[in-house]
Amino acid sequence: MTKKYTQADQVVDAMRKHGGYSTLGNLYHIVDTSHWATKTPQESIRQIVQKSPKIFRVQPGLWALEECREIVLSKFDLKDKTSKGSEVFTHGYYQGIITEIGRMKHFETYIPAQDKNRLFLEKPLKDVCDTNKIPPFSYPELTTRARTVDAIWFNKRGMPDSMFEVEHSTDMQNSFLKFCDLQDFNTRFIIVASESRHAQFEKVREHSAFDNVRNRITFHSYEDIVKQYDVLCLQTSRKGWI
């Protein structure tokens with residue numbers, strides 16, 4: 001008797017062809033669900049990656065096959081979660097996620113030149129963003145300050161709409177100081193970090209030095225960012241649907 005080829009098998013095969021790992025957003029595009037008997041195939045994919053014993057979570061939004069665990073963790077230097085390599089991967093991963101969200105929202109995306117060769121999965125960030133040269137949107141001393149921001153979304157008029165600092169383990173106060181220097185722009189200031197650092201964010205925000213920007217700097221956890229990424233990937237995968 002021939003074993004039934006299930007939806008879960010199809011997701012596993014798609015990940016296997018993709019090197020044994022994938023973001024959930026990417027799975028929405030690479031899994032052929034045209035013959036699935038469901039009106040919500042993307043929801044089915046989400047449930048499969050969360051429940052299948054053949055799949056494990058690498059990072060929020062990033063999944064891999066158990067059969068490829070050692071290969072994937074070694075590839076991204078994640079065997080030791082406290083290592084420098086793990087920190088570098090995590091920082092580049094969320095810079096890439098933020099950049100892809102910005103592009104799907106039709107912003108021009110910027111990553112600093114010093115990070116252009118940092119990897120988003122296996123792709124250099126310079127190949128993910130629109131530019132690593134800061135647009136001349138203000139005085140040189142201010143654009144020089146903005147040049148070091150981890151990720152920026154620019155609107156169609158070339159002005160900074162949103163600035164993001166990814167704070168994996170470094171001192172959050174430095175990002176607050178950077179945003180304080182750039183406070184005269186009508187720009188959103190966003191700290192992206194693990195939810196475990198939210199209390200630290202609130203403590204830093206209460207410093208009197210940040211009175212003028214306290215209510216303009218917001219915190220988004222890694223999980224928050226990935227949820228937005230997944231939703232946007234879902235929307236783009238449904239283009240052309242009635």
Side-chain angles (χ1 to χ4, degrees), residues 23 25 59-62 76-78 84-105 107-138 141-155 158-198 200-201 204-205 210 213 216-229 232:
T23 63
Q59 292 266 4
L62 180 62
F76 297 132
D77 207 0
L78 292 173
K84 181 65 176 178
S86 176
E87 180 176 343
V88 169
F89 170 83
T90 300
H91 199 282
Y93 176 70
Y94 289 105
Q95 280 180 290
I97 291 287
I98 291 164
T99 298
E100 292 215 327
I101 292 172
R103 296 193 72 181
M104 285 188 278
K105 287 178 170 286
F107 289 107
E108 181 180 17
T109 55
Y110 165 84
I111 292 291
Q114 66 264 28
D115 293 343
K116 66 181 181 180
N117 293 319
R118 179 175 280 170
L119 297 180
F120 170 50
L121 301 176
E122 295 185 74
K123 183 183 294 186
L125 285 171
K126 65 183 179 181
D127 295 339
V128 180
C129 69
D130 293 301
T131 184
N132 51 60
K133 294 182 179 179
I134 198 80
F137 64 89
S138 185
E141 59 269 27
L142 293 176
T143 55
T144 295
R145 187 61 165 145
R147 187 177 289 128
T148 62
V149 174
D150 285 332
I152 305 177
W153 296 348
F154 286 92
N155 62 27
M159 297 300 292
D161 175 271
S162 306
M163 294 186 177
F164 301 84
E165 284 282 281
V166 178
E167 288 292 352
H168 189 60
S169 61
T170 47
D171 187 351
M172 246 179 234
Q173 186 165 297
N174 293 332
S175 292
F176 273 78
L177 289 169
K178 193 178 296 185
F179 290 152
C180 198
D181 289 344
L182 297 166
Q183 65 181 284
D184 294 311
F185 299 97
N186 184 25
T187 301
R188 294 190 308 155
F189 300 127
I190 300 165
I191 300 285
V192 178
S194 167
E195 182 60 37
S196 64
R197 302 197 73 191
H198 199 163
Q200 182 183 354
F201 166 85
V204 172
R205 191 165 68 160
F210 305 128
V213 294
R216 294 180 56 193
I217 302 176
T218 58
F219 179 94
H220 284 261
S221 70
Y222 292 153
E223 289 79 6
D224 292 337
I225 293 295
V226 168
K227 284 178 183 177
Q228 293 179 51
Y229 174 69
L232 285 167

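As a basis for the values below, the full set of heavy atoms in this structure was taken, side chains included, without hydrogen atoms, waters or symmetry mates. Along the sequence shown, residues are numbered consecutively beginning with 1.
- Applying the salt bridge (charged side-chain N to carboxylate O under 4.0 Å, His left out) rule to pairs touching residues 170-193 yields R145-D181, E165-K178, sequence neighbours excluded.
- Taking CG of L121 as the start and CD1 of I97 as the end, the distance is 7.0 Å to the nearest 0.5 Å.
- Side-chain atoms of E87 and S169 include a donor-acceptor pair closer than 3.5 Å.
- Minimum heavy-atom separation, R147 to P112: O-CB, 3.2 Å.
- Among residues two or more places apart in sequence or in another chain, the ring-ring contact (aromatic ring centres under 6.0 Å, His included) test is passed with F189 by F179.
- Judged by distance alone, with hydrogens and angles left aside, the side-chain atoms of T187 form a donor-acceptor pair with the main-chain N or O of P160 at under 3.5 Å.
- Qualifying ring-ring contact (aromatic ring centres under 6.0 Å, His included) partners for F137, counting only residues two or more places apart in sequence or in other chains: F154, F185.
- For the residue pair I217 and R205, the shortest heavy atom distance occurs at O-NH1, 3.3 Å.
- A donor and an acceptor atom, one from each side chain of D150 and H91, are located under 3.5 Å apart.
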Item to check | Worked verdict on R216 versus Q183 for side-chain hydrogen bond (donor to acceptor under 3.5 Å, both in side chains) | outcome: CA-CA 9 Å; R216 294 180 56 193; Q183 65 181 284; 5.5 Å; no
Checklist entry - side-chain hydrogen bond (donor to acceptor under 3.5 Å, both in side chains) between E100 and Y229: does it pass, once the steps are laid out? => result CA-CA 8 Å; E100 292 215 327; Y229 174 69; 2.8 Å; yes
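- Nearest approach of C129 to I111, heavy atoms of both residues: CB-CG1, 3.7 Å.
- Between M163 atom CE and T148 atom OG1 the span is 9.5 Å, to the nearest 0.5 Å.
- The existence of a salt bridge linking D224 and K227 is excluded, since no basic side-chain nitrogen approaches an acidic carboxylate oxygen closer than 4.0 Å.
- Take F89 and apply the ring-ring contact (aromatic ring centres under 6.0 Å, His included) test, not counting sequence neighbours, and it matches F76, Y93.
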Checklist entry - Between D77 and V88, does a side chain to side chain contact (heavy atoms under 4.5 Å, CB included) hold up when you go through it step by step? => result CA-CA 9 Å; D77 207 0; V88 169; over 6 Å; no
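- Partners of F176 under the ring-ring contact (aromatic ring centres under 6.0 Å, His included) rule, at least two apart in sequence or in another chain, are F201, F210.
- When each of Q59, H168, E167 is checked for a side chain to side chain contact (heavy atoms under 4.5 Å, CB included) with Y94, only Q59 meets the rule.
- Not counting sequence neighbours, the partners of E122 by the salt bridge (Lys or Arg N to Asp or Glu O under 4.0 Å) test are K75.
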Checklist entry - After noting the C-alpha distance and the side-chain angles of I98 and V166, does the key distance pass the side chain to side chain contact (heavy atoms under 4.5 Å, CB included) rule? => result CA-CA 10 Å; I98 291 164; V166 178; 4.0 Å; yes
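- Considering all non-hydrogen atoms of both residues, D127 and K123 come closest at CB-CG, 3.8 Å.
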